[in-house]
Number of protein chains: 2
Amino acid sequence: MDNRQKVTIKDVAREAGCGIATASRVLNKSGPASPEVRARVETAAQDLGFSFSALGRALQGGRSMTIGCLVPSLANPVFAEAVQGVQETLAGTGYQLLIASSNYDGEADNEAIATLAAKEVDGLIVTMVAPERSAALKQARQRGLPVSLMFHDPIDGFLTAHVDNFEAAREVARRFADLGHRQTAFLALRFSTSDRSRNRYAGFHAGCRARGMPDPALIELGEAEANTPELLAAILAAHQGLTAIFASNDFLAIAVQKAARLMGKSVPRDLSVVGFDGIEIGRLLDVPLATIETAPDAMGRQAAQTLLDMMQGNPGVQRPPLPFDFRAGATLAPPRTKSRDDDQVRPRPPSVHSLKTDLKQG
Amino acid sequence: MDNRQKVTIKDVAREAGCGIATASRVLNKSGPASPEVRARVETAAQDLGFSFSALGRALQGGRSMTIGCLVPSLANPVFAEAVQGVQETLAGTGYQLLIASSNYDGEADNEAIATLAAKEVDGLIVTMVAPERSAALKQARQRGLPVSLMFHDPIDGFLTAHVDNFEAAREVARRFADLGHRQTAFLALRFSTSDRSRNRYAGFHAGCRARGMPDPALIELGEAEANTPELLAAILAAHQGLTAIFASNDFLAIAVQKAARLMGKSVPRDLSVVGFDGIEIGRLLDVPLATIETAPDAMGRQAAQTLLDMMQGNPGVQRPPLPFDFRAGATLAPPRTKSRDDDQVRPRPPSVHSLKTDLKQG
DNA sequence: TACCCGCGTGGAAACGTTTCCACATGAGTA
DNA sequence: TACTCATGTGGAAACGTTTCCACGCGGGTA
């Protein structure tokens, strides 16, 4: 039952009654051959159900036609979409994708890179915890492996497909300021293992400073709190007086809304929430999420394109950051004017608004 | 600059002053060697920065330690999570994942399988348009390649990790019936290219019949309508009198809510919505989505485990469907009691209900 | 007639492994 | 002393390709 025998080009040559070299030339259309031999080889290949072994080819040719890709996790739609973008760009080029994921573990990161390199990939597309400090990555590059980064802000000596996290986060601060918010917080998961989160915080922080707002609170969450609205609510409750929260990704921002609801707060009346990433679903929500909209698939496509360029021998050039869009959504509003009565809303006096506007323009 | 020379075991042997065979034995700990030679080889390998080429190994050993995985798209979180599950199970086994995606194209499906097979993968984990009709898949299996399916309902001769789509959908019909719904619809994207959608519809249909409800309307959407709430609203508006919608996936269900809102309908008061899949985010929504909760990552893990078993020579056995859970959420309620006032529906005379029931039973 | 050239063809090396086999060397036994 | 045996070692084949090179053979020119 187990018909495990492989059909090799040798078999085809024997069947066609010619030499291996000739068979190879015919099947690859890579050299001369008389019409008769050509025909014999082709029918032989057909009959035997021959197909080339990529292994033998790779070993001989020095190119595996495989490119390695490392991302933290495919469970995060942002990375999954990016990988999908990579796939789309690679489709039709003959390259296949060898995928590894590290679960945000810097150790696993390094191992994965080493394994991919051992598999003789022709290039690497990578998002990892700390590319600038990865020995394996450095070694891979020294061996001449082209490397293309995704999501990372530019690092000396690497090309990367990214958005300007700092600038985007500063934009959020500006929006908050324009609306009159002062007490804000930045919410992040895995802050320590993500340069993206750190850069977003830095930009947000700088933006707040620039507008004369108090420094934002930095709230770092564990996996558990992020997935359990009750826990998240408890944490948020500990921070008094917040009127606006900037979450490091959309997933978190949606969780915040849920938590706010548990706390009896209304979004955006009592609390404004802005996310980051612009995942598809955010737009379809009943109350569309305000967020920095980026295009993870575009990032994947750019990273793949850059890698293709490098593999063709071009030195490659760092492209400018991909554009982001501030999507207003419906989770962002001016803070409630703190009034005497109970903790319910009341319309802001128009004067306040104009005042702020003037301030902004001055 | 381009230090592209590879360090092979030959180099190590020369540096250590011994034969290739000995070097191989030492580095693999696969045979005897005197302590001195052992030491010389190890330091030589260290100094030269040697690492094995998986290519040479695969060619010689007949096993590539790579398994191929084909899914329709990584942009769909359901598949992305499944692949992540596969990764998790494979981690530590030494196997790497070669990924392909087909964009729901049956043609691309076949090509991808062929390419993966050419790369000499040791096994295949597959979700495709029509596995039972794929020539490439059949051929791969005839060559002795173990194949493990994901998401597909059982197909003759294949092992699959799946949920019972039919049964789950019937459960939805039951819930609708219990609440008193009668006019329902089934909403699907790519109905024709997905056996899952078709089975869900079949189960839903059967469930409705069994409870004496009218047959559900079948609404098939294009990509554009699914992503544009306005278009979706228009389509829904064309179907008068619907009180409950069963969407073939959560993404669609969320879009329906948005569309309902555009139509001035409130969920679940005017319209109940139930999804399928149980993606993470659905639970965090302000109004949690009612859905059939499945575990895509568990599906990936089971498929991977099955494949590992098969690769170890076990014949492998079809496991029972993975469990699903009906999550009530907050988008499901009894239909509104139809009152006189505005242009809303009006109660059907009870007689009709009994009539249908009688019809079915007769 | 002798020579050259182009063309179709096949042998063989190379890619990096693993592993079978044979060869030494030394110790132990008869 | 002569034999066996275990042990460490290296040569070489094999895995499936591609490609360099050489060879034979025909037709053209000198």
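Here is the naming used below: chain letters follow the sequence lines, and residue numbers restart at 1 for every chain.
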Review point. Counting side-chain heavy atoms from CB outward, which of D/dC15, D/dT19, D/dT17 is closest to A/Thr8?
Key: D/dT17
Point to revise | Listed nucleotide nearest any side-chain atom of A/Phe52, set D/dT17, C/dG16, C/dT9 | key: D/dT17
Point to revise | B/Gly316 to B/Leu159 - nearest heavy-atom pair and separation | key: C-CD1, 3.7 Å
Check your understanding: A/Ala21 side chain: which of C/dG16, C/dG11, D/dT17 is closest?
Key -> C/dG11
Study note, to complete from the structure: Testing D/dT9, C/dT17, C/dT9 for proximity to the side chain of B/Ser34, the answer is D/dT9
Exercise for review: Report the distance from atom CD of B/Glu120 to atom P of C/dG16, rounded to the nearest whole Å.
Suggested key: 18 Å
Check your understanding: Looking across every strand, which nucleic acid part, if any, lies under 4.0 Å from A/Ser64 by heavy atom: base, sugar-phosphate, or nothing?
Key -> nothing
**Study point:** Partner of A/Phe50 under side-chain contact (heavy atoms from CB on, under 4.5 Å), chosen from A/Asp11, A/Val7, A/Val41
**Key:** A/Val7
Review point. Within the pair B/Ser24 and C/dT18, is there a side-chain N or O less than 4.0 Å away from OP1 or OP2?
Key: yes
Check your understanding: For the helix from C/dT1-D/dA30 to C/dA30-D/dT1, what angle lies between the axis at the first five pairs and the axis at the last five pairs, to 10 degrees?
Key -> 70°
Review point. Is any NZ, NE, NH1 or NH2 atom of the basic residue among A/Asp195 and A/Arg198 found under 4.0 Å from an Asp or Glu carboxylate oxygen of the other?
Key: no
Exercise for review: Give a yes-or-no answer on whether the side chains of B/Lys119 and B/Thr66 include a donor-acceptor pair shorter than 3.5 Å.
Suggested key: no
Review point. Side-chain N or O of A/Thr22 less than 4.0 angstrom from OP1 or OP2 on C/dG10?
Key: yes
Review point. For A/Ala33, which contact category applies under a 4.0 Å heavy-atom criterion: base, sugar-phosphate, or nothing?
Key: sugar-phosphate
**Study point:** Length of the CG-C1' vector between A/Asn28 and D/dT17, whole Å
**Key:** 9 Å
Check your understanding: Of the non-hydrogen atoms in B/Ile125 and B/Ala303, which two are nearest, and what is the gap between them?
Key -> CG2-CB, 4.1 Å
Practice item. Grab the CZ-P distance between B/Arg63 and D/dA14 for me, whole Å please. Key: 22 Å
Point to revise | Nearest atoms (heavy-atom pairs only) where A/Ser148 meets A/Thr306 | key: OG-CB, 4.0 Å
Check your understanding: Over how many whole Å does the gap from B/Ile9 atom CD1 to D/dC15 atom P extend?
Key -> 20 Å
**Study point:** Euclidean distance, atom CZ of residue A/Phe50 to atom P of D/dT17 [Å, nearest integer]
**Key:** 4 Å
**Study point:** Integer-rounded Å distance: D/dT17 P and A/Met65 CE
**Key:** 16 Å
Exercise for review: Determine: side-chain N/O of B/Arg57 to OP1/OP2 of C/dT18, distance under 4.0 Å, yes or no.
Suggested key: yes
Practice item. On DNA chain D, check which nucleotide each of B/Gln60 and B/Cys18 is closest to and give me the residue with the more 5' one. Key: B/Cys18
Check your understanding: Whole Å only: how far is the CD1 atom of B/Ile20 from the C1' atom of C/dC20?
Key -> 15 Å
Study note, to complete from the structure: Per nearest nucleotide of DNA chain C, the residue lying toward the 5' end, B/Val7 or A/Ala23, is A/Ala23
Review point. Got a donor-acceptor pair under 3.5 Å from the side chain of A/Arg25 to the base of C/dG10?
Key: yes
Check your understanding: Should B/Met299 and B/Val78 count as side-chain neighbours, where that means a heavy-atom distance under 4.5 Å?
Key -> no
Point to revise | Minimum-distance nucleotide (side-chain atoms of A/Ser53 versus C/dG16, D/dT17, C/dG10) | key: D/dT17
Review point. Should A/Arg40 and A/Glu15 count as an ion pair when the cut-off is N to O under 4.0 Å?
Key: no
Exercise for review: Using whole Å, report how far CG of B/Leu55 lies from P of D/dT18.
Suggested key: 14 Å
Exercise for review: Name the nucleic acid region contacted by A/Gly19, choosing base, sugar-phosphate or nothing; use a 4.0 angstrom heavy-atom cut-off, strictly under.
Suggested key: sugar-phosphate
Check your understanding: What's the closest nucleotide to the B/Leu59 side chain, out of D/dT17, C/dT17, C/dG16?
Key -> C/dG16
